[in-house]
Amino acid sequence: MTTEEASVRYCIPIKILKEYESMELCGTVKRMMGAWQYDDQDIERLSMIMTLHDIGFSKKDIDEYMRILISGQNNEECIMMLNRRRKLTLDRIHVMEKQIDNIDYLRHEIQRVKETGDENDEI
């Protein structure tokens, strides 16, 4: 299937397909009559790349991850990369949970002042 057909069929922006082509991970993608041709394996790889992007991998990390995955040699490295991304995500979640706690505290204090009617109470 061509780039345009893959874009329409799988709702993948042309820009992402062009970026995928430039990563040179398309072992089975062929240029036929001036157009790229995608097969099912390419679409699976694209799906993986989009998932990696969605979880916060940089372009460099995606490239490294996919090269390791395609080579089939050191899947432990892929697991380590995923574990690092998971830790970073959890760290961000913990920071956000702290922010939510602080917001809830401030809301509670405002409500308390409102209910007591004493505007001289400090928050």
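Note that the structure is predicted; figures quoted are calculated from it, not measured. Atom set for the values below is all heavy atoms of this structure, side chains included, hydrogens, waters and symmetry mates excluded.
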Worksheet item: Roughly how far, to the nearest 0.5 Å, is CD of Glu76 from CG of Asn83?
Response: 9.0 Å
Worksheet entry | Smallest separation among heavy atoms of Thr116 and Val113, with atom names | OG1-O, 3.2 Å
Practice prompt. State whether Arg107 and Asp104 are salt-bridged, where the test is any N-O pair (Lys NZ or Arg NE/NH1/NH2 against Asp/Glu carboxylate O) under 4.0 Å.
Written response: yes
Worksheet item: In terms of hydrophobic clustering (I, L, V, M, F, W, Y; side-chain heavy atoms under 4.5 Å; direct or indirect links), are Leu88 and Ile62 co-clustered?
Response: no
Item to complete: In sequence, state the C-alpha distance, the side-chain angles, and the governing distance for Asp54 and Thr51, and then conclude on side-chain hydrogen bond (donor to acceptor under 3.5 Å, both in side chains).
Response: CA-CA 5 Å; Asp54 288 347; Thr51 298; 5.6 Å; no
Worksheet item: Can you name the closest pair of heavy atoms from Ala6 and Ile43 and give their distance?
Response: CB-CD1, 4.2 Å
Discussion item. What's the separation between atom OG in Ser47 and atom CG in Asp40, rounded to the nearest 0.5 Å?
Written reply: 12.0 Å
Worksheet, complete the sentence: CE of Met96 to CG of Asp91, rounded to nearest 0.5 Å, is 12.5 Å
Item to complete: Taking atom CZ of Arg86 as the centre, report whether more than 12 heavy atoms of other residues, nucleotides or ligands fall under 6.0 Å from it.
Response: no
Item to complete: Look at the side-chain heavy atoms of Ile, Leu, Val, Met, Phe, Trp and Tyr, link any pair under 4.5 Å apart, and say whether Leu82 and Met66 land in one connected group.
Response: yes
Discussion item. Can you tell me how far apart NE2 (His108) and CD (Gln111) are? Round to the nearest 0.5 Å.
Written reply: 9.0 Å
Item to complete: Inspect the contact between Arg67 and Glu64 and indicate whether a charged nitrogen and a carboxylate oxygen are less than 4.0 angstrom apart.
Response: no
Fill in: N-O pairing of Asp63 and Lys59 below 4.0 Å
no
Practice prompt. Work out which heavy atom in Ile12 is nearest to a heavy atom in Ser7; give both atom names and the distance.
Written response: O-OG, 2.7 Å
Fill in: Contact check, side chains of Arg112 and Glu109, non-hydrogen atoms, under 4.5 Å
yes
Fill in: Side chains of Met81 and Phe57 in contact at under 4.5 Å (non-hydrogen atoms)
yes
Worksheet item: Is any side-chain heavy atom of Leu46 closer than 4.5 Å to a side-chain heavy atom of Asp42?
Response: no
Worksheet, complete the sentence: The reported gap from CD1 in Ile70 to CE in Met48 (rounded to nearest 0.5 angstrom) is 10.0 Å
Worksheet item: If Ile, Leu, Val, Met, Phe, Trp and Tyr residues are connected whenever their side-chain heavy atoms lie under 4.5 Å apart, and connections chain through other members, are Tyr10 and Ile49 in the same group?
Response: yes
Worksheet entry | Side-chain donor/acceptor of Asn75 to backbone N/O of Cys78, under 3.5 Å | no
Discussion item. Minimum heavy-atom separation for Ile55 and Arg85, please, with both atom names.
Written reply: O-CD, 2.9 Å
Worksheet entry | Glu5 and its side-chain contact (heavy atoms from CB on, under 4.5 Å) partner, picked from Thr2, Val8, Thr3 | Thr2
Worksheet item: How long is the span from the CE atom in Met50 to the CG atom in Leu52, to the nearest 0.5 Å?
Response: 11.5 Å
